[in-house]
Amino acid sequence: MSFPKTRLRRLRYNPILRNLVSETSVSVNDLIYPIFVCEGENIKKEISSMPGQFQLSIDNAVELCKTAVIKGVKSILLFGIPAEKDEHGHLACSDSSIVQRAIKSIKKECENILLIADICNCEYTTHGHCGTIIDGDVDNDSTLETLAAQSVSLAKAGADIIAPSDMMDGRVGIIRTALDNAGFEKIPILSYAVKYSSAFYGPFRDAADSSPTFGDRKTYQMNPANTNEAIREAEQDVFEGADMLMVKPALSYLDVISKVKQNFDLPLVAYNVSGEYAMVKAAATNNWIDEQKIIMEIMTSIKRAGADIIITYHALEVADILNKNK
Ligand code: PBG
């Protein structure tokens with residue numbers, strides 16, 4: 001027995017030493033902040049299930065982006081709430097659609113910002129599903145066409161990264177080809193490669209007005225019980241040309257993050273989703289938890305599991321905490 005020569009507590013007494021031997025760190029450079037952009041002017045409507053997050057008209061989205069950049073959060077993920085919807089989500093592909101216009105305005109007024117465009121039809125379809133419905137189900141191959149057109153349109157608007165979240169088979173390859181053919185071979189694809197069919201997306205669907213009006217997303221999003229399938233999903237996307245991979249949600253899927261990281265060398269993103277955020281906010285409002293400490297413990301756990309980058313609604317709060325402790 002090595003005790004008492006080995007005393008693991010020795011490295012824990014001095015806070016500077018604790019920091020020195022820390023195996024995991026969280027930096028503002030690791031964070032992506034998701035925002036919701038809507039039509040209109042001077043709109044800032046709080047999302048009731050996501051306190052502190054808002055539906056923002058473009059003018060206010062620009063201001064929020066400026067604030068984020070000042071805090072050091074320079075990567076923004078954009079979701080759109082269009083004024084109109086249709087069966088196929090065609091509006092998502094229009095150069096004058098909400099996210100396209102938001103990207104142009106933000107790029108004009110903010111320097112030093114990275115804009116990531118979420119690619120999916122669910123915010124743009126009347127039925128709320130992520131693609132075109134044929135025989136009561138989302139039709140994979142016809143949905144690929146709108147996803148490719150949406151990607152090119154968003155790249156044209158100035159998106160720096162294209163991030164498909166729809167979970168159709170073959171979308172990364174189709175989008176890669178479409179981007180290349182349109183002259184956007186330098187624009188990377190961040191694939192929501194491993195996206196589970198999760199109840200943790202509930203508050204997001206309030207925020208983005210994207211709940212399916214019938215059925216659920218189980219025929220395209222993954223079964224939470226599976227991890228071998230996560231590897232197959234990631235493998236397929238890497239094969240089709242993905243530049244970065246994502247696991248989503250994060251907290252109930254830390255094992256999946258770890259497994260994907262062990263199997264692939266691509267930068268790995270974890271999405272700390274709306275339901276995870278809402279639970280922290282609800283508990284904090286009741287003073288049941290120390291919110292700032294909980295937020296940092298959550299961020300650390302996601303990085304410790306193997307994520308390189310975290311998409312989180314807490315991004316600005318994390319930046320404030322990190323900047324305060326500098
Ligand atoms: C669009 C999309 C969703 C989220 C990101 N992109 C919702 C869904 O798949 O139903 C969820 C994000 C969150 O919960 O924070 N498909």
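Counting convention: from 1, in listed order, for ligands and their atoms alike. Atom set for the values below is all heavy atoms of this structure, side chains included, hydrogens, waters and symmetry mates excluded. Quick caveat: nothing in here was measured; it's all calculated off a predicted structure.
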Practice task
Write down the atom of Ala182, the atom of Val152, and the distance for their closest heavy-atom approach.
Solution key: CB-CG1, 3.8 Å
Handout entry: Proximity to ligand 1 by part of Ser274, non-hydrogen separation under 4.0 Å
Key = both
Handout entry: Option set His129, Lys195, Lys248, criterion heavy-atom distance to atom 9 (O) of ligand 1, minimum
Key = Lys195
Exercise for the section: Could you list who else is in Ile16's hydrophobic cluster, with ILVMFWY side chains joined at under 4.5 Å, directly or through other members? Expected result: none
Handout entry: Enumerated ligand 1 atoms positioned under 4.0 Å from heavy atoms of Arg205
Key = 8 (C), 10 (O)
Practice task
Using a 4.0 Å heavy-atom cut-off, say whether Asp118 meets ligand 1 through its side chain, its backbone, both or neither.
Solution key: side chain
Practice task
Might you confirm whether atom CZ of Phe214 has over 12 heavy atoms from other residues, nucleotides or ligands at distances under 6.0 Å?
Solution key: yes
Problem - atom 15 (O) of ligand 1 [closest protein heavy-atom partner, distance rounded to 0.1 Å] - result: Tyr313 OH, 2.6 Å
Practice task
Mark the output for Glu276 as yes if a heavy-atom distance to ligand 1 is under 4.0 Å, and as no if none is.
Solution key: no
Exercise for the section: Please verify whether a non-hydrogen atom of Met167 lies at under 4.0 Å from ligand 1. Expected result: no
Exercise for the section: Measure from NZ or CZ of Lys248 to the centre of the six-membered ring of Tyr192, then state whether that distance is under 6.0 Å and the direction lies within 45° of the axis. Expected result: no
Handout entry: Partner of Phe79 under ring pair (Phe, Tyr, Trp, His ring centres under 6.0 Å), chosen from Tyr201, Tyr313, Phe204
Key = Phe204
Practice task
Walk me through it: do Met299 and Asn272 pass the test side chain to side chain contact (heavy atoms under 4.5 Å, CB included)?
Solution key: CA-CA 9 Å; Met299 296 303 130; Asn272 175 217; 3.5 Å; yes
Practice task
Would you kindly specify which portion of Tyr271 sits under 4.0 Å from ligand 1, judged on non-hydrogen atoms: side chain, backbone, both or neither?
Solution key: side chain
Problem - Heavy-atom check, side chain of Val99 versus side chain of Val37, under 4.5 Å - result: no
Fill in the blank from the handout: ligand 1 atoms nearer than 4.0 angstrom to some heavy atom of Cys122 are 1 (C), 16 (N)
Handout entry: Any N or O of Glu123 closer than 3.5 Å to N or O of ligand 1
Key = no
